[in-house]
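From a predicted model like this one, the values you see are computed outputs, not experimental measurements. Sequence lines set the chain letters: A, B, ... in the order given, protein chains first and strands last, and positions in each chain run from 1. All values below were derived from every heavy atom in this structure, side-chain atoms included, with hydrogens, water molecules and symmetry-related copies excluded.
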There are 2 protein chains.
Amino acid sequence: MSAQVQNSFRALADPTRRDILMLLSRQEMTIGEIAAEFPITRAAVKKHLNMLEEGQLISVHPSGRERINRLQPQGLKNVTEWMSYFDQFWDDKLSALQDVFNNQ
Amino acid sequence: MSAQVQNSFRALADPTRRDILMLLSRQEMTIGEIAAEFPITRAAVKKHLNMLEEGQLISVHPSGRERINRLQPQGLKNVTEWMSYFDQFWDDKLSALQDVFNNQ
DNA sequence: TACATATGATACCGTTTGGTTTCATATATT
DNA sequence: AATATATGAAACCAAACGGTATCATATGTA
């Protein structure tokens, strides 16, 4: 349960993986199609996709010899729910908001 | 600008750092006080605090020989804003929501 | 002034991460 | 059946990460 939250946060911590999610937001894609958009090898992309899947940020759907990678909302949900705890510090502690302007 | 987003995501990717944020949500604390709550050395906590500061998740305020660590909302804001792009896939693509139930 | 305390910084270590190359396997296509 | 294509997996490497121990420094306190 909490391990899923960790996997989601970890998956989002890499800029390439976040870019992959942006790509997949427009259309579902195969590994080869995704790899063509980045200056890294298909093997490296595959590792990123594995982490994204572990973080529940994508789902993978076999179709013949291809594997379709599709955006999945659960991972973002895990992160959003963890962060929602801090919403109160936006509302309650106005001093926190002031810090945005005061500190540096 | 985008480097700040990366620093915020990276800072949140470690469970100890997220626990530190939970602690700081209740009260601002010195490094020593935070370190007393974890089974790791003060030096390790200091490294975590450095990353949290780089990610704009905390602000540090010197007070005599102590340094007060305080929650700062900007880091969470960075992450929330990046993720807000995906809100439309909650609303528009209902198929994405179905995946939560269908896949696995 | 001398000593205690709170923190900072550096060197070091094992593990994880992001990447490559290479080889294997499964599915289309001719 | 033979070949091409799409993917998986493993071995390997340099860099980053999470941690420790140690030493230095700045601020209170007796």
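In this structure, A:N50 atom CG and D:dA10 atom P are separated by 11 Å, rounded to whole Å. The interatomic distance linking B:H61 (NE2) with C:dT7 (P) rounds to 14 Å, in whole Å. Spacing between atom CG of B:N7 and atom C1' of D:dC17 amounts to 14 Å, rounded to whole angstrom units. In this structure, A:R18 places its CZ atom 16 Å from P of C:dT17, rounding to the nearest Å. Protein atom CD1 of B:I40 is 16 Å distant from nucleotide atom C1' of C:dT15, rounded to whole Å. If you measure from atom CZ of B:R10 to atom P of D:dA15, you get 17 Å, rounded to the nearest angstrom. Between the CD atom of B:E33 and the P atom of C:dT5 there is a distance of 15 Å, rounded to whole Å. Distance A:D14 CG to D:dA16 P: 13 Å, rounded to the nearest Å.
Results of the side chain to side chain contact (heavy atoms under 4.5 Å, CB included) test with B:I58 over B:I20, B:L49, B:N50 single out B:L49 as the only residue that passes.
The 5' end of DNA chain C is approached more closely, in terms of each residue's nearest nucleotide, by A:T16 than by the other of A:T16 and A:E66. Remark on DNA chain D: of its neighbouring residues B:M51 and B:R42, the 5'-side contact belongs to B:M51, judged by nearest-heavy-atom nucleotide. A residue-by-residue look at A:H48 and B:K46 shows that B:K46 has its nearest nucleotide of DNA chain C further toward the 5' end.
Nearest nucleotide to the side chain of B:R67, out of C:dG18, D:dT20, C:dG8: C:dG8. Closest approach to the B:A43 side chain among C:dA11, D:dT7, C:dA9 is made by C:dA9 (side chain taken as heavy atoms from C-beta onward).
Contact annotation: side chain of A:R65 to base of D:dT5, donor-acceptor pair present below 3.5 Å.
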- Does the side chain to side chain donor-acceptor pair (under 3.5 Å) test come out yes or no for A:Q74 and A:N78, once each step is laid out? CA-CA 6 Å; A:Q74 183 61 51; A:N78 292 340; 2.9 Å; yes
- Message: Show, in sequence, the C-alpha distance, side-chain angles and deciding distance for B:H61 and B:S59, and conclude whether the side chain to side chain donor-acceptor pair (under 3.5 Å) test is met.
- Response: CA-CA 7 Å; B:H61 307 267; B:S59 58; 2.8 Å; yes
- Query: Step by step, would you call A:W82 with B:L21 a side-chain contact (heavy atoms from CB on, under 4.5 Å)?
  - Reply: CA-CA 11 Å; A:W82 186 89; B:L21 291 181; 4.2 Å; yes
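Listed by chain and residue number, nothing satisfies the side chain to side chain donor-acceptor pair (under 3.5 Å) test with A:R67 (two or more places apart in sequence, or in another chain).
Checking the phosphate oxygens (OP1, OP2) of D:dG19, no side-chain nitrogen or oxygen of B:T41 falls inside 4.0 Å.
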